[in-house]
Number of protein chains: 2
Amino acid sequence: MPKVCRACEARHGGICSVLTGSQLAELNKHSNRKSIDGGTELVGQGENIGTYSNIVRGVVKLSKMMADGRQQIVGLQFAPDFLGRPFSHESSLTAEAATNTEVCAFPRAVLERMIADTPELEHRLYDQSLKELDEARDWMLTLGRKTAREKVASFLHLIATHVDPDAGDGCEFELPLSRADIADFLGLTIETVSRQMTKLRKDKIILVENNRHVIVPDIENLNEAAGND
Amino acid sequence: MPKVCRACEARHGGICSVLTGSQLAELNKHSNRKSIDGGTELVGQGENIGTYSNIVRGVVKLSKMMADGRQQIVGLQFAPDFLGRPFSHESSLTAEAATNTEVCAFPRAVLERMIADTPELEHRLYDQSLKELDEARDWMLTLGRKTAREKVASFLHLIATHVDPDAGDGCEFELPLSRADIADFLGLTIETVSRQMTKLRKDKIILVENNRHVIVPDIENLNEAAGND
DNA sequence: CGAATTTTTGACTTCCATCAAGTGTAGTGG
DNA sequence: CCACTACACTTGATGGAAGTCAAAAATTCG
């Protein structure tokens, strides 16, 4: 097994976990680790897709933009997620690093060949896409039917559960997104996000330090504010 | 090949198109055709999933409901789509027939066994889930960032392109959803949907007869009203 | 036909967007 | 170290798009 893979997150929870040693070596021969600053675009909407990646560290936002500039974030991906849309050569969305990010990139052709003769790999990818579909549909409920307050609480709850999946009742984290990004994720404006954060703060549901650092004393209160039964 | 399969839509565009004759026969032995009236629930949110189905005729809506009754339709499925969430034994959403519908149902275990030793079948299912994911993300942009007018136009455009994929500039169809369902799909109220339909009618973008029958003289005008490019 | 349901229309309200200052919070260089 | 700028975020005042409540009109169905 290649030594870069040994401590790699994708080797554990990611798609590489289903590959054999020789497949890992083969993929590794063509793969390429990159560090990416927050704000950098990885793939543009409508662009040709030449490479797929695994997210090794950081958070990537997937977004769609309308002709007049209105924007919607349609998904967040965390390490060790696979990044790409197999079997489509043109991207229907933009992928941009939200935080400083590290990815492991490999050419499309190499992976697609490997998919073709490794059912377990395709199964693993299918599994991720089903997970993403569940998440997208959950978010559709949030976008379509929740109030601004519930939307902001839902976002904080999402981050809280992703950063620290097995926390007890309380938890604490850095927001990976700016207010502008949060607004684009929730279908709101920056101002509304800010106002609702302030209200949640006043209601003691969260504590905020330095704008980006959030403390949740009781995750169940946050879940309730998010409108989840 | 079983004779019910011969003229079946699922045998052509659906998942059955990748099965061999003997696999079709095997699946058919356990499968069960059903006619379902519009409005009937197929699977409930939180219910155990015992069967998967192919939609042979009609339209099925997938929806999520909050504890206080707020509802969001998160997807529409048309024949010959596959209906089900493989590898999860509990449904996170409700599936309900929108129109009178015909499905071909088979036990979960039979299909899962067949998936396990037929990579082509899993590939076909993966492909549908990628398509659904693309659609869900398109819809997130609609829900989060479009105006009521654009939402209603987007919905009409969606139905128009599904009912008659290769129409020229004009087309004509029956709406498979009531105003209440359209509202739940668009994250609006019934009244707002109705008002926007009236406005689109006054702007000559659509003609409506008997509430459900819609004529689109020029699909490009509708596409523009939907805010697409 | 008449009852029930769905859809439309109207009057009014509310929530969130918009516009506009104001308040931090880095980062730079004198 | 302190101006100075640049940027991100917050707060306030106002307006408008969509929601709510209520009733009328159209359509479906027994």
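Letters A, B, ... are given to chains in the order of the sequence lines, protein chains preceding strands, and every chain is numbered from 1.
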Take the protein atom CG of A:Leu175 and the nucleotide atom P of D:dT10, then report the distance between them rounded to whole Å.
10 Å
If you look at every strand shown and take non-hydrogen atoms under 4.0 Å, does A:Arg212 touch a base, only sugar-phosphate, or nothing?
sugar-phosphate
Separation of B:Asn100 atom CG from D:dT28 atom P, in whole Å?
15 Å
d(CD1, B:Ile190; P, C:dG10) in whole Å:
18 Å
Value in whole Å for how far the P atom of D:dA17 lies from CG of B:Leu186
18 Å
Side chain A:Arg195 and base C:dT18 donor-acceptor under 3.5 Å
yes
Under 4.0 angstrom between A:Thr192 side-chain N/O and C:dA17 OP1 or OP2
yes
Side-chain ion pair, B:Arg145 and A:Asp68, N-O less than 4.0 Å
no
Are OP1 or OP2 of C:dT8 and a side-chain N or O of B:Arg179 less than 4.0 angstrom apart?
yes
Quick one: B:Lys151 NZ to D:dA17 C1', roughly how many Å, whole number?
11 Å
Does this structure show an ion pair linking A:Arg149 with A:Asp203, if we count only N-O contacts that are shorter than 4.0 Å?
yes
Measure from the side-chain heavy atoms of B:Thr198 and tell me the nearest of D:dG19, C:dC16, C:dT9.
C:dT9
Closest nucleotide among C:dA26, D:dA18, D:dG19 to the A:Asn210 side chain:
C:dA26
Once you round it to whole Å, what is the distance between P of C:dA17 and CG of A:Asp184?
12 Å
Would you call B:Glu174-B:Arg212 a salt bridge at under 4.0 Å N-O?
no
Do the charged groups of A:Arg70 and B:Glu150 touch, with an N to O distance under 4.0 Å?
yes
Confirm from the modelled atom types if A:Glu191 and C:dC19 form a donor-acceptor pair under 3.5 Å, side chain to base only.
yes
Under 4.5 Å between any side-chain heavy atoms of B:Ile36 and B:Glu102, yes or no?
no
From D:dG19, C:dT7, D:dT10, pick the nucleotide closest to the side chain of B:Ser178?
C:dT7
Whole-Å gap separating C1' (D:dA8) and CG (A:Leu177):
14 Å
Please report the distance, rounded to the nearest Å, between CZ in A:Arg70 and P in C:dA17.
13 Å
